[in-house]
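In what follows, a single structure is set out as structure tokens and then discussed.
All values below were derived from every heavy atom in this structure, side-chain atoms included, with hydrogens, water molecules and symmetry-related copies excluded. Just so you know, residue 1 is the first one in the sequence shown, and it goes up from there.
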Amino acid sequence: MKHTRRNFFKQGLAGALLMGSASIGHAVTLPDPVKAKAPKAVNPFQLGMAGYTFVHFDLETTLKTLQRLDIHYLCIKDFHLPFNSTDEQIKAFHEKCASYGVTGYAVGPIYMKSQEEIDKGFEYAKRVGVKLIVGVPNYELLPYVDKKVKEYDFQYAIHLHGPDIKTYPDATDVWEHTKDLDARLGMCLDIGHDLRNGCDPVADLKKYHTRVFDIHIKDVTDSSKAGKGIEIGRGKIDFPALIKALREVNYTGKCSLEYEKDMKDPFLGIAESIGYFKAMNDLEF
């Protein structure tokens, strides 16, 4: 029955009448005590936030939002911490994050179209103090990225972009371009873009999990280029199946929300998406 205000008051009145007649017929049985919730499911992964979600907002707003949502991990974008930040500015950034209970776990996505930009990106990550870069290098630069991964001992997760750009449209494309390179060179599995390119992100996670170092969680309206971002749980992604697969492959990285709807006023959609994903995390599948 739909819970309208009228139904609520009708049910309340009926309950009161029943309670009033209990002393006459002794027929009313009190309800059983409320049962405790089942233990929460244990997940190997951690929930985070992709910094791009807050492209229109400053760091203070970003961190306050994460604190209210009980999210403790942020993938750092350069509009919050510029590439030319001094060591003092980087230290202040981390201190500010820590004051809200947040840790910057990676940097990116960073687009890299030259060896110089790759050098700059790796040095930036080193100075920031993270060991994971989410990047988008030109295909011909992958041998150089492979070299830098070995030099720095970093993980490098290539962000896939669906049908919107030619490079790295889906998980299979990233896999084919990295499978013969260093094992620390893999992907940031953007499940929304993977689906928009006609792929199954759950199946791709299972196939390529050894090279999945970061995951951008989101939902989309359609499994085609026409698909748009929408609150998690309202779109086409099968999140129970995704969470089951994350547990099956023992994925230990971050699942970071990248919310791309209503980006100048995203807060209700972010809260709804995080609430849905957390609720799914608590269930056994």
Side-chain angles (χ1 to χ4, degrees), residues 48-56 75 77-79 106 108-114 117-118 121 133-142 145 156-181 185-239 241-243 245-246 251 253-264 266 269-270 273 276-277:
M49 185 71 71
Y52 180 67
T53 300
F54 295 93
V55 65
H56 297 295
C75 187
K77 280 293 288 181
D78 57 290
F79 50 74
I110 303 173
Y111 292 81
M112 300 176 176
K113 300 181 182 300
S114 68
E117 289 181 348
I118 292 171
I133 297 173
V134 180
V136 188
N138 285 4
Y139 286 132
E140 68 272 13
L141 293 171
L142 282 171
V145 175
Y156 190 101
I158 297 174
H159 187 278
L160 55 96
H161 279 88
D164 298 323
I165 62 176
K166 292 182 179 180
T167 51
Y168 313 111
D170 54 44
T172 298
D173 184 79
V174 178
W175 172 266
E176 291 298 329
H177 282 92
T178 60
K179 64 182 180 180
D180 297 323
L181 300 176
L185 215 170
M187 73 182 77
C188 171
L189 176 58
D190 185 306
I191 61 174
H193 287 321
D194 200 48
L195 185 71
R196 289 178 63 245
N197 209 53
C199 301
D200 180 348
V202 175
D204 285 346
L205 172 65
K206 292 178 180 179
K207 281 192 288 187
Y208 308 131
H209 66 90
T210 58
R211 294 290 182 110
V212 176
F213 305 144
D214 196 29
I215 295 178
H216 281 177
I217 58 169
K218 61 182 63 166
D219 214 342
V220 291
T221 58
D222 194 53
S223 55
S224 71
K225 188 174 182 178
K228 305 294 183 184
I230 195 169
E231 293 83 355
I232 285 183
R234 296 195 194 189
K236 298 293 187 181
I237 303 259
D238 186 345
F239 279 93
L242 176 72
I243 292 166
L246 289 166
Y251 173 72
K254 306 295 187 291
C255 290
S256 287
L257 175 68
E258 187 175 45
Y259 189 73
E260 297 175 296
K261 179 188 174 188
D262 305 323
M263 293 193 74
K264 292 190 176 180
I270 291 171
S273 297
Y276 178 90
F277 191 73

Value for NZ (K113) from CG (N138), rounded to nearest 0.5 Å, stands at 5.0 Å

Within the distance-only criterion (no hydrogens, no angle test), does the side chain of T178 pair as donor or acceptor with the backbone N or O of G186 below 3.5 angstrom? no

Residue set satisfying side-chain contact (heavy atoms from CB on, under 4.5 Å) with K179, at least two apart, ordered chain then number -> W175, E176

Residues pairing under salt bridge (Lys or Arg N to Asp or Glu O under 4.0 Å) where one sits in residues 159-173, two or more places apart or in two chains, turn out to be D164-R196

On a heavy-atom basis, the closest approach of L195 and P201 is CD1-CD, 4.0 Å

Residues at least two apart in sequence or cross-chain that pass side chain to side chain donor-acceptor pair (under 3.5 Å) with Y276, listed by chain then number, are none

To the nearest 0.5 Å, atom CG of L141 lies from atom CD of E117 at 9.0 Å

F239 meets the ring-ring contact (aromatic ring centres under 6.0 Å, His included) criterion, sequence neighbours left out, with none

* Asked: Do D78 and I110 pass the side-chain contact (heavy atoms from CB on, under 4.5 Å) test, and can you show the C-alpha distance, the side-chain angles, and the key distance before you say yes or no?
  -> CA-CA 8 Å; D78 57 290; I110 303 173; 5.8 Å; no

Residues at least two apart in sequence or cross-chain that pass ring-ring contact (aromatic ring centres under 6.0 Å, His included) with H159, listed by chain then number, are H161, H216

With sequence neighbours left out, the residues meeting side chain to side chain donor-acceptor pair (under 3.5 Å) with K218 are D190, E258, E260

I237 and I191 have their tightest heavy-atom pair at CD1-O, 3.6 Å

Tightest non-hydrogen contact, residues C188 and V134, listed as CB-CG1, 3.9 Å

Residue set satisfying side-chain contact (heavy atoms from CB on, under 4.5 Å) with A241, at least two apart, ordered chain then number -> V202, D238

Contacts of K77 meeting side chain to side chain donor-acceptor pair (under 3.5 Å) (sequence neighbours excluded), chain-then-number -> none

Under 3.5 Å donor-acceptor, D219 side chain and I230 backbone
no

Working for side-chain contact (heavy atoms from CB on, under 4.5 Å), residues E231 and K261
CA-CA 8 Å; E231 293 83 355; K261 179 188 174 188; 3.1 Å; yes

Rounded to the nearest 0.5 angstrom, the CG-NE2 distance for D262 and H56 is 11.0 Å

E140 meets the salt bridge (charged side-chain N to carboxylate O under 4.0 Å, His left out) criterion, sequence neighbours left out, with none

Y168 meets the ring-ring contact (aromatic ring centres under 6.0 Å, His included) criterion, sequence neighbours left out, with Y139

Taken in chain and number order and not counting sequence neighbours, the residues that satisfy side chain to side chain donor-acceptor pair (under 3.5 Å) with Y251 are none

Nearest heavy-atom approach of G135 to Y156 is CA-OH, 3.4 Å

Contacts of K207 meeting salt bridge (charged side-chain N to carboxylate O under 4.0 Å, His left out) (sequence neighbours excluded), chain-then-number -> D204

Scanning both residues in full, the closest heavy-atom pair of T221 with K236 reads O-CE, 3.3 Å

Taking every heavy atom of M187 against every heavy atom of V174, the minimum-distance pair comes out as CB-CG1, 3.5 Å

dist C255:SG -> I243:CD1 (nearest 0.5 Å) comes out at 8.0 Å

Go through the steps for L246 and L205 under the test side-chain contact (heavy atoms from CB on, under 4.5 Å), then give the verdict. CA-CA 8 Å; L246 289 166; L205 172 65; 3.6 Å; yes

One should read off an interatomic distance between I158 CD1 and I133 CD1, to the nearest 0.5 angstrom, of 11.5 Å

